[in-house]
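One structure is given below, encoded as structure tokens.
Only this structure's heavy atoms are used, side chains among them; waters, hydrogens and symmetry mates stay out.
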Amino acid sequence: MPAQVKSLFGRVTGAVKEFSLPQRTFALIAVAALVLGGIALANWASKPTMSPLFSGLSATDASAVVDQLNAEGVSYQLTDGGATVMVPNDQLYSMRLKLAAAGLPANEDGDGYSLLDGMSMTSSEFQQQTTYQRAIEGELAKTISAMQGVDSASVKLALPTDSVFVSEKQDPTASVFIRTKTGTELSTDQVEAIVHLVSAGIEGMKATDVAVIDASGQVLSAVGTGVAGASGNQTTTDYESRVTSAVQALLDQVLGTGKSAVTMTADLDYDQTQRTTEEFSAAEGVPPLASSTTTEEYSGTGSGTATGVLGPDNIAVPTGDATSGDGSYTSTSEDVNNAVNKVTEVTQQAPGSVRRQSLAVAVDTTAAAGIDMAQLTEMLSAAAGIDTTRGDTIAVQRMAFDTTGADAAASALAAADAETAAAARQSLIRQAAIAGALLLLVIVVAVVLARRSRRARREALDIGELTTVMEPPADLPELEESADIPPALPGPAEVDPVAESLAVKRAEISALADEQPGEVADLLRGWMSNPAGRR
């Protein structure tokens with residue numbers, strides 16, 4: 001082992017041996033955190049990025065795809081309840097090609113127009129018609145399955161066969177089975193979209209001839225009545241809720257919140273009716289379309305015979321003297337075709353009109369003390385669309401409201417708010433305490449490490465030998481004072497280098513004792529116990 005590495009290892013070992021128990025625990029925790037973080041980072045960096053290989057797979061196709069991936073040794077992930085298969089990005093396109101070569105997923109195209117690709121030239125007319133119908137059903141089912149909230153769909157068509165032996169051709173019908181995703185419910189607009197999608201895709205099919213049923217057995221659209229007939233109760237509930245909300249909002253503005261109660265009952269007409277009206281009227285001042293006049297005239301002399309009319313039993317009854325007639329005859333007839341206006345009006349009434357509705361309103365006696373009830377009733381009738389000629393009724397009454405439940409609810413809400421605020425305060429205090437403890441622990445660790453660092457940086461201080469102040473030598477000659485010589489002015493004091501060095505060393509020793517009193521005390525205690533070692 002090189003000397004430098006050995007020296008570094010020795011210094012690290014010596015530093016670790018000088019750690020106290022808390023320091024060693026903290027160091028072990030830090031090393032473990034670093035190791036775990038490095039392992040997690042390495043796993044995250046080495047984990048491949050996944051992309052969807054196929055999505056919207058059936059259970060059969062997903063199982064076949066997973067088996068093929070296992071056989072190829074490719075890692076995968078299943079998401080979306082097993083309907084989506086994820087593979088690494090670098091193997092995405094190669095696995096798609098391999099699975100396509102193996103014919104997977106088999107039901108990707110379902111029973112769509114791909115069925116027509118496998119038909120042989122010797123197929124009978126019945127087989128061709130049946131395959132074509134299955135292809136249309138499959139395409140419609142795939143289109144409906146692509147809608148949001150729809151998990152799977154199945155379409156069955158009843159198409160009448162063309163025949164010259166049938167005088168009246170029946171209309172085609174369709175039934176649609178919908179399986180929605182978990183926690184999802186189709187709206188009325190989505191059901192209408194499914195109905196119009198199927199009816200528009202089949203020639204001669206009406207929107208009222210499509211039945212839509214969900215997995216729970218609920219009829220979303222019925223044949224003959226359509227979506228409105230199937231969801232009549234929901235439509236009635238929506239109408240009542242809308243009118244009730246409008247009236248309640250108006251009363252809240254007038255009386256205040258919680259001072260009124262509104263109930264609406266509506267009877268809606270879901271019958272579909274069609275009426276055809278034709279009106280004819282002659283146009284004044286317009287010339288006739290056609291006019292013809294026929295005139296017949298005959299003239300001659302009298303025959304002298306008696307003429308008359310036939311009476312009973314074909315016996316001629318004479319009319320007078322036959323000699324008085326001149327033998328002439330005149331007849332005129334006129335045929336006129338006048339211009340006549342014809343108006344044909346076809347009216348089809350949509351279902352959902354209001355037959356009759358009733359509105360009941362109760363207001364608090366205290367809140368409505370200064371309000372004219374007649375004006376309030378008139379205002380509410382206008383807001384709810386009450387029509388008395390249709391048979392609608394409205395009742396507005398003053399009543400004393402029971403506020404016990406409201407007061408209890410308000411108290412419960414206040415208590416819940418107080419508990420929430422107390423829990424928030426306790427959580428804040430707990431978090432502050434944890435943060436303070438961590439901060440204190442960090443400060444303690446920092447102080448301990450700083451003191452250990454100063455101890456490691458401590459160097460030996462050479463204070464030299466301490467000398468005592470000696471008395472002046474006795475053999476020095478004494479200077480005699482002369483009266484004639486004036487005393488000399490005192491000059492600048494000479495600086496003794498030894499004394500200056502001693503003063504500097506004393507200051508350093510004092511500073512060292514102030515910074516590290518424990519170490520200085522241990523050093524002096526060692527010197528006093530072993531004077532020989534000091535030398």
Between [X] and [Y], is there a donor-acceptor pair closer than 3.5 Å when you use the side chain of the first and the backbone of the second?
X: T180; Y: T184; result: yes
X: R356; Y: R390; result: no
X: E240; Y: A266; result: yes
X: Q190; Y: Q148; result: yes
X: S94; Y: Q91; result: yes
X: D364; Y: K259; result: no
X: S63; Y: T60; result: no

Counting neighbours of [atom1] on [X] that are heavy atoms of other residues, nucleotides or ligands and sit closer than 6.0 Å, is the number greater than 12?
X: Q253; atom1: CD; value: no
X: F401; atom1: CZ; value: yes
X: R96; atom1: CZ; value: yes

- Report the C-alpha distance between I371 and V363 in whole Å, list the side-chain angles of each, state the deciding distance to 0.1 Å, and finish with yes or no for side-chain contact (heavy atoms from CB on, under 4.5 Å). CA-CA 10 Å; I371 296 179; V363 295; over 6 Å; no

Please examine the side chains of [Y] and [X], heavy atoms only from C-beta on, and report whether any two atoms are closer than 4.5 Å.
X: T244; Y: T263; value: no
X: L186; Y: V150; value: yes
X: F26; Y: I29; value: no
X: M379; Y: V254; value: yes
X: V343; Y: T277; value: no

Can you see which heavy atom on [X] is nearest to which on [Y], and at what distance?
X: I178; Y: A153; answer: CD1-CB, 3.9 Å
X: D252; Y: S260; answer: OD1-OG, 4.1 Å
X: P172; Y: G204; answer: CD-O, 3.5 Å
X: P160; Y: K169; answer: CG-CE, 4.1 Å
X: T344; Y: E278; answer: OG1-CG, 3.6 Å
X: Q128; Y: S123; answer: NE2-O, 3.4 Å

- Ion pair present between R355 and D269, side-chain N to carboxylate O less than 4.0 angstrom?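 Salt bridge flag = yes for D269 with R355.
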
- Query: Would you call E137 and R134 a salt bridge, using N to O less than 4.0 angstrom?
  - Reply: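 Salt bridge between E137 and R134, a charged N being under 4.0 Å from a carboxylate O: no.
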
- Query: How far apart are the C-alpha atoms of I136 and Y132, what are their side-chain angles, what is the distance that settles it, and do they pass the side-chain contact (heavy atoms from CB on, under 4.5 Å) test?
  - Reply: CA-CA 6 Å; I136 296 177; Y132 177 69; 3.2 Å; yes

Name the atoms and distances for all side-chain donor-acceptor pairs under 3.5 Å in residues 412-429, with sequence neighbours left out.
{"unit_1": "T420", "atom_1": "OG1", "unit_2": "A416", "atom_2": "O", "d": "2.8"}
{"unit_1": "S427", "atom_1": "OG", "unit_2": "Q431", "atom_2": "NE2", "d": "3.4"}

- Message: Between S358 and T393, is the side chain to side chain donor-acceptor pair (under 3.5 Å) condition met? List the steps.
- Response: CA-CA 5 Å; S358 301; T393 59; 3.1 Å; yes

- Assess whether side-chain contact (heavy atoms from CB on, under 4.5 Å) is satisfied between S145 and K142, documenting all intermediate values. CA-CA 5 Å; S145 299; K142 287 196 304 180; 5.6 Å; no

Taking only distance into account, with no hydrogens and no angle test, what donor-acceptor pairs under 3.5 Å do side-chain atoms of residues 64-84 form with protein atoms, sequence neighbours excluded?
{"unit_1": "N70", "atom_1": "ND2", "unit_2": "V66", "atom_2": "O", "d": "3.2"}

To the nearest 0.5 Å, tell me how far [X] [atom1] sits from [Y] [atom2].
X: S245; Y: M264; atom1: OG; atom2: CE; result: 10.5 Å
X: T294; Y: E334; atom1: OG1; atom2: CD; result: 9.5 Å
X: S221; Y: I213; atom1: OG; atom2: CD1; result: 8.5 Å
X: D61; Y: F54; atom1: CG; atom2: CZ; result: 9.5 Å
X: L359; Y: I394; atom1: CG; atom2: CD1; result: 4.5 Å
X: L380; Y: I386; atom1: CG; atom2: CD1; result: 9.0 Å

- Task: Under the side-chain hydrogen bond (donor to acceptor under 3.5 Å, both in side chains) rule, collect the residues that match up with D402, sequence neighbours excluded.
- Result: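 Testing D402 for side-chain hydrogen bond (donor to acceptor under 3.5 Å, both in side chains), a comparison that skips the adjacent residues, returns T404.
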
- Message: Would V198 and V212 count as a side-chain contact (heavy atoms from CB on, under 4.5 Å) here? Give the steps.
- Response: CA-CA 10 Å; V198 175; V212 182; over 6 Å; no

- Item | Candidates D171, D209, V210, L159 - the one meeting side-chain contact (heavy atoms from CB on, under 4.5 Å) with I202 |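 Result: among D171, D209, V210, L159, L159 is the only option passing the side-chain contact (heavy atoms from CB on, under 4.5 Å) with I202.
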
